[in-house]
There are 2 protein chains.
Amino acid sequence: MKPTATALQTAEEPADTGAQQIRDAIRDAIVERRLSPGTKLSESDVGNLFNVSRTLARAALQALSYEGLVNVEKNRGAFVAYPSPEEARQIFAARRLVEPGILREAAARITPSQIQHLKQLLLEEGRLMGERGQTARRAEIKASGDFHLTLAAISGNAIMQRFMDELVARSSLVIALYGQSTISSCGHSEHGDVVAAIERNDLDEACQLMLHHIAHIEADLDLRERKSVGLKEAFEL
Amino acid sequence: MKPTATALQTAEEPADTGAQQIRDAIRDAIVERRLSPGTKLSESDVGNLFNVSRTLARAALQALSYEGLVNVEKNRGAFVAYPSPEEARQIFAARRLVEPGILREAAARITPSQIQHLKQLLLEEGRLMGERGQTARRAEIKASGDFHLTLAAISGNAIMQRFMDELVARSSLVIALYGQSTISSCGHSEHGDVVAAIERNDLDEACQLMLHHIAHIEADLDLRERKSVGLKEAFEL
DNA sequence: TCAGGCTAAATTGTATACGATAATCTGCAC
DNA sequence: GTGCAGATTATCGTATACAATTTAGCCTGA
């Protein structure tokens, strides 16, 4: 019961060594949409794929389920999450709720070099948008999410940063499921507008732009309930 | 790769059967401050305590580490989290960031019966405050957190609700570590003021009161860095 | 042909086993 | 008595084993 003097526990890795890698690999696959919602992730398969035992595979899947990227159903197994329209709405409601606040915090602490970094990100994002091919598309998806994540990082609040991690990842799933326009997940120019507003220190405008941006992404979704169309309706066209 | 028709996955339990109970039991113990920050939670001990194998004990501890209630250090074991002053600040910054938004959402959807429920909670809280004894004290701690959690539940956003769960639990740890006034963790009357403001539909005032309330809790903390006082200073009085 | 139930295969839930790492203790040299 | 090296113990990391549950297939009988 001694205090163990765990004072300087500033930023350690959260957990296991092995499971971490697997979790990250699967998460990337989900976020970049190489794994479709609903795909079954059996423990044995995951284990074989990464040459580890089911123990580690299971740990990784558990971890992903805490982030909401995977649903594990008792005695049935783990599946890439298949967010319902209601869940999708809640994810974006959460983003509208927190992102303005994060933006304000970030703007208050941002340094010139960090602004530079943000701009570099935008450049990269634009470049990828020009290219074609799946690889570029995936990189673009990641980059557009990274913009929001970078803002959270700049805000300096590790807790909000982790939360945004989760929200951005889950957003990617939602877009994969309900997105309509084949085009990018995130209006690229809108990111630039936000940075510009930050640069001229117009916080209210920046928040407004951010809210618009989120609304814009959400507007591209078709959130009508598709309740297991697998019935006859699917063939009665 | 079939869609598996996982449509109505509205609100299932996230994971295992056994580990869940253990996790909840430990979490309650932490939130009610029966377990002090820094306490070691060895996998074997936890397993023996609940009469399960290390496998389940480990899973429970991992889960708690995702919520930030437990730190698991590689090859060393799991400890009840010992939040640094910086972490404490971030936890409350996060609460200031999200709770007004949650409050607004909640106020927009609240029903008369839910208002009634909130008032009942306040009554209960007040009653506990009058009693004495550890049991009452612990129940009071839980109740005062439940106020914030109930608001999140009323907001109807499951994601924000889970996030608040985490924040409230971690707040309890922070208060256990840095709280000064022996008295309750939450100004009880302030909860009542918030409800009153909601009732007369004065949202701006309600948010203002909520922010004050959070600031009030935070003001009771002594967040000075106590860096492993274990040195001579501890004995040079 | 189709419904129903039984059996077998696959998959998850949990426990145990073994190797690896870190903490602790012991004894020897100084 | 102090300091360090080696051995010992405790604990974690990962794999494997076995039990329980679900799923799919198959056969049978109307």
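Per chain, numbering begins at 1; letters A, B, ... match sequence-line order.
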S.K.: Nearest whole Å is fine: how far is C/dG13 C1' from A/E73 CD?
M.R.: 16 Å
S.K.: Nearest whole Å is fine: how far is C/dG13 C1' from A/L61 CG?
M.R.: 14 Å
S.K.: Who are the side-chain hydrogen bond (donor to acceptor under 3.5 Å, both in side chains) partners of B/E67, not counting sequence neighbours?
M.R.: B/R23, B/R27
S.K.: So if I define the base as every atom that isn't primed, P, OP1 or OP2, how would nucleotides 15-21 of chain D read as a B/S/- string at a heavy-atom cutoff under 4.0 Å?
M.R.: BBB---S
S.K.: I'd like to know if A/K40 pairs up with A/D45 as an ion pair, taking the criterion as any Lys NZ or Arg NE/NH1/NH2 lying under 4.0 Å from an Asp or Glu carboxylate oxygen.
M.R.: no
S.K.: Listed by chain and number, what are the ring-ring contact (aromatic ring centres under 6.0 Å, His included) partners of A/F92, not counting sequence neighbours?
M.R.: none
S.K.: My understanding is that only residues two or more places apart in sequence, or in another chain, count here; which of them pass ring-ring contact (aromatic ring centres under 6.0 Å, His included) with A/F50?
M.R.: none
S.K.: In chain order, what residues pass the side-chain hydrogen bond (donor to acceptor under 3.5 Å, both in side chains) check against B/Q161, with sequence neighbours excluded?
M.R.: none
S.K.: When the distance from CD of B/E43 to C1' of C/dA22 is rounded to whole Å, what number comes out?
M.R.: 14 Å
S.K.: May I have the distance from B/K74 (atom NZ) to C/dA23 (atom C1'), rounded to whole angstrom?
M.R.: 17 Å
S.K.: Please give, in whole Å, the distance from C/dT12 P to A/N71 CG?
M.R.: 14 Å
S.K.: Which nucleotide sits closest to the side chain of A/R76: D/dG13, D/dT23, C/dA22?
M.R.: D/dT23
S.K.: Which pairs pass ring pair (Phe, Tyr, Trp, His ring centres under 6.0 Å) with one or both residues in residues 153-177 of chain A, sequence neighbours excluded?
M.R.: A/F163-B/F163
S.K.: B/Q62 CD to C/dG13 C1': how many Å, rounded?
M.R.: 17 Å
S.K.: Which nucleotide in the list D/dG13, C/dT14, C/dT11 gets nearest to the side chain of A/R58?
M.R.: C/dT14
S.K.: Measure the distance from CD1 on A/I22 to P on D/dG13 and round it to the nearest whole Å.
M.R.: 14 Å
